[in-house]
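Source: prediction; values computed, not measured.
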Amino acid sequence: MPADIYDWIAELKSDRWVLDVGSGEGSFPGAEFCCAWLALDDNRATFTTKVRYSRVFGKGHQLPVRDGSMDLVICHHSLEHLAPLDGTLGEMARVLKPGGRCFISVPNGYGFCDAVYRLVFLGGGHVNRFRKDELIRLVEERLNVRLVGWQKLYSSFVYLHKLAELLETQPPGLPRRQKMIGWLPQGSVDFVQRVLYVGTRILDRWLRTDLSVYGWAFFFETPPAEAVVEQPSFLNVCLYCGTGQPAASAP
């Protein structure tokens, strides 16, 4: 039964391998690990020396990795960006060791949070849209793994904070829609972010909706599980970085 992804990472010894597909700056820069870690991305601009991963430049559907060489494959907030989807999943299946593990987190492609994101950022590079049960079935079939745990991921609508920072600099080539948002009074975007943060949680409690849910995190293993476990979710999500945290650790 999974505890969280940090526990899975910590269990891996120095002779074990992690592949972080679509890693950007690195999916879990705060994780403590002694395993070998490959962070793969197709954007060379994201490859810095700040994080202690081994950097690999490549595409999700053309992984420069040997067959059956990875103990853990991570696809953290990146599968929605990777095309072709079937080719990417096929490559993940190819490189995963027999008995290996897979961690995938994605937005609900038909949820409120992702709809706002797509509206503000004109799609924002989300080329794949997922429903929970459909994605679970797809991953299980393509990677020959089974779901052992999952959790809801709550949103702070952090992309609006990033939009506010972007509007302050007004870089060249800013889309017309974002320029129009920039005409609003200063502080409007941050105010809307806070209203959405609080308002969606209140509505969820009153109406039993999932407006504040960004998406889901899924834990897959090769052996079949006796029962799928829903992990605790973190309602407290940082307004500035989007990271969830337990209530006990909130300031």
(request) Validate the cation-pi geometry between R101 and F219: distance from NZ or CZ to the six-membered ring centre under 6.0 Å, angle to the ring axis within 45°. (result)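 No, cation not above the ring by the 6.0 Å, 45° rule.
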From [X] [atom1] over to [Y] [atom2], what is the distance, rounded to the nearest 0.5 angstrom?
X: F28; Y: F103; atom1: CZ; atom2: CZ; result: 4.5 Å
X: R142; Y: L96; atom1: CZ; atom2: CG; result: 13.0 Å
X: I104; Y: M92; atom1: CD1; atom2: CE; result: 4.0 Å
X: S155; Y: L235; atom1: OG; atom2: CG; result: 12.0 Å
X: K59; Y: D41; atom1: NZ; atom2: CG; result: 9.5 Å
X: W8; Y: C102; atom1: CH2; atom2: SG; result: 8.0 Å

(message) Looking at D133 and R137, is there a salt bridge between them, counting it only when a charged N and a carboxylate O are closer than 4.0 Å?
(response)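 Answer for the salt bridge query: no.
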Just by modelled atom types, is the [Y] backbone N or O under 3.5 Å from a matching donor or acceptor in the [X] side chain?
X: R146; Y: V228; answer: no
X: D20; Y: S27; answer: yes
X: S14; Y: C34; answer: no
X: D71; Y: W17; answer: yes
X: S105; Y: A217; answer: no
X: E140; Y: L147; answer: yes
X: R131; Y: Y110; answer: no
X: N128; Y: L79; answer: yes

Give a yes or no on whether [X] and [Y] share a hydrophobic cluster (residues Ile, Leu, Val, Met, Phe, Trp, Tyr; joining criterion: side-chain heavy atoms under 4.5 Å apart).
X: L138; Y: L143; result: yes
X: L153; Y: V237; result: no
X: L163; Y: L122; result: no
X: I181; Y: L119; result: no
X: V189; Y: V195; result: no

(message) Does anything in residues 163-174 form a side chain to side chain donor-acceptor pair (under 3.5 Å)? List the pairs, not counting sequence neighbours.
(response)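 Sorted pair list: H161-E165.
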(request) Could you note down all residue pairs passing side chain to side chain donor-acceptor pair (under 3.5 Å) where residues 193-217 supplies at least one of them, sequence neighbours left out? (result)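 Side chain to side chain donor-acceptor pair (under 3.5 Å) check on residues 193-217 returns K152-D210, R194-Y240, D204-T209, D204-S212.
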(request) Take F121 and R177, measure what side-chain contact (heavy atoms from CB on, under 4.5 Å) needs, and give me the verdict at the end. (result) CA-CA 8 Å; F121 290 97; R177 185 175 301 174; over 6 Å; no
Looking only at non-hydrogen atoms, find the nearest pair between [X] and [Y] and report the distance.
X: D42; Y: F57; answer: O-CE1, 3.0 Å
X: P107; Y: D114; answer: CB-OD1, 3.9 Å
X: D7; Y: D4; answer: N-OD1, 2.9 Å
X: L82; Y: C75; answer: CD1-SG, 4.1 Å
X: R55; Y: S23; answer: NH1-OG, 4.1 Å
X: K97; Y: S69; answer: CE-O, 3.6 Å

(request) Could you check if a side-chain atom of P98 sits within less than 4.5 angstrom of a side-chain atom of T222, using non-hydrogen atoms only? (result)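 Answer no - side chains too far apart.
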(request) State, with a plain yes or no, whether a side-chain heavy atom of N108 is found less than 4.5 Å away from one of V213. (result)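 Result no, sub-4.5 Å side-chain heavy-atom pair not found.
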(request) Name the orientation class of the two ring planes belonging to Y159 and F157 (parallel below 30°, tilted from 30 to 60°, perpendicular beyond 60°). (result)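 The rings of Y159 and F157 stand perpendicular, inter-plane angle above 60°.
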